[in-house]
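Working notes, beginning with the structure itself.
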Amino acid sequence: MDLIAVRTFVTAVDAGQFQEAAANLSITPQAVSKRIAVLEKDLGVQLFSRTARGARLTIDGQAFLPYARALLQAAERAAASVRPGRRALRVDVIGRRVSVAGLLRDFHRTYPETDLDVVTLFDSDTAIAAVRSGTIDATFRAVTMPGRQLPDGIEATPVYDEPLHLFTGPAHEFATARAIAPAQLAGRRIWMPGNLPGTEWAAYYDELAATFGLTIDAVGPNFGIEPLLDTIAASSTLATFVSEQTPLVWPADHDLRRIPLHDPTPVYPHSLIWRTDNPHPALTALRNHLTSAYPGRPDNGTWTPKWAEDSRTPQAPTGQRPLPNPSTGSSTA
């Protein structure tokens, strides 16, 4: 169906006569009549009855009018959904319970007039491809995995280094500790059933385990956060890692403990990734908001994988860059 003809029909109805509709559309009255005739032929009905006094809606025209208005409204919404500056800013946060979702909420509190479309994509490859194709405007991912590169035209900047906590039940040997050093976990079993092989967060925890001599146990199945909390609460040997800003709620009788890690503090490095030629004005506001709040990673006192150290400070585009990774911090992040 020709939307131009439909718009001409609605304009003619609202104007009350073809001549005024022609003036509103900056065309001739003959062009208005021709467009409506084409629409009538397409529909197989007469929309107006022509008389010496002008044109009036037929019963079919009256029936078609509300649908014609709805069709034009739907077309405008469809166009607005992809029009930079008018459509919502589409951002991937990996999961709505992770800390980067909180960063996006903080942005929205600062800029409440900005429309946001929050999506959750699981793996880095999908997220990067979505940024590259324009399906989304930006994604929050962790810093690089070894041996991979960002595509041309895709840029990343660090926005948040999130400390890790050890998460235990009340009978665990470290349950009463105020803080512990990662080296104290040497030989201990850390249960993380969400650490799927090949994911970027698994790469992060694999290097953490190799550095400090602990064991990451990814044996599943992964039934989600509530069963994991139940198991940790009942165990004297199992513990897991959670990111500092991961919001968790559990029954009071679980008596679970979050224990900060220090000397050094492992941090999970979150970055914002976007396409450099994306013109959406809210994307610039989001980048400025996040980078202005990022203090930079200190030179000592924290730990992050070797392949993440080059992302310590924001950098200008220079072509190819190591590929940032998605971060959940763990199955519970």
Do the side chain of R96 and the main chain of A101 share a donor and acceptor less than 3.5 angstrom apart? no
Hey, is the main chain of K306 close enough, under 3.5 Å, to the side chain of E207 for a donor-acceptor pair? yes
Taking the side chain as every heavy atom from C-beta outward, state whether W191 and P193 have any atom pair closer than 4.5 Å. yes
Would you say R258 has more than 12 foreign heavy atoms packed within less than 6.0 Å of its CZ? yes
Between R275 (side chain only) and R132 (backbone N and O only), is there a donor and an acceptor less than 3.5 Å apart? yes
Under a 3.5 Å distance rule, please check whether T58 uses its side chain to pair with a backbone N or O of Q46 as donor and acceptor. yes
Exam field: side chain T120 to backbone V93, donor-acceptor pair closer than 3.5 Å: no
Quick note, side chain to side chain donor-acceptor pair (under 3.5 Å) partners involving residues 165-187, not counting sequence neighbours, are E173-R188
Applying side-chain contact (heavy atoms from CB on, under 4.5 Å), run through L166 and I190 and close with a yes or a no. CA-CA 9 Å; L166 185 71; I190 307 298; 3.9 Å; yes
So, R141 side chain and I94 main chain: donor-acceptor pair closer than 3.5 Å or not? no
Salt-bridge present (K41, D2; N to O < 4.0 Å): no
Please check if the side chain of E40 supplies one atom and the backbone of L47 the other of a donor-acceptor pair under 3.5 Å. yes
Looking at L290, N288, L116, which one forms a side-chain contact (heavy atoms from CB on, under 4.5 Å) with F107? L116
Answer yes or no: is there a side-chain heavy-atom contact under 4.5 Å between L121 and I136? yes
Give a yes or no on whether the backbone of R90 and the side-chain of H280 come within a donor-acceptor separation of less than 3.5 Å. no
For V91, does its backbone N or O pair with a side-chain atom of D137 as donor and acceptor, under 3.5 Å? no
Are the side chain of W201 and the backbone N or O of G194 linked by a donor-acceptor pair below 3.5 Å? yes
Counting only heavy atoms not in Q62 (residues, nucleotides, ligands), do more than 12 fall under 6.0 Å from its CD? yes
Let me have the donor-acceptor pairs involving side chains of residues 29-38, under 3.5 Å, with sequence neighbours excluded, atom names and distances please.
residue : atom : partner : partner atom : Å
S33     : OG   : P29     : O            : 3.3
R35     : NH1  : T8      : OG1          : 3.2

Using side-chain heavy atoms (C-beta onward) and a distance below 4.5 Å, is I232 in contact with H254? no
For R257, all residues meeting salt bridge (Lys or Arg N to Asp or Glu O under 4.0 Å), sequence neighbours excluded: D255
For F223 and T231, what are the C-alpha separation, side-chain angles and deciding distance, and is it a side-chain contact (heavy atoms from CB on, under 4.5 Å)? CA-CA 11 Å; F223 289 111; T231 302; over 6 Å; no
Taking the side chain as every heavy atom from C-beta outward, state whether V119 and T139 have any atom pair closer than 4.5 Å. no
More than 12 heavy atoms of other residues, nucleotides or ligands under 6.0 Å from CG of L3: yes or no? yes
Looking at the rings of F140 and Y160, which for Trp means the six-membered one, are their centres under 6.0 Å apart? no
Could you state whether L65 and L43 fall into the same hydrophobic cluster, counting links through intermediate Ile, Leu, Val, Met, Phe, Trp or Tyr residues with side-chain heavy atoms under 4.5 angstrom apart? yes
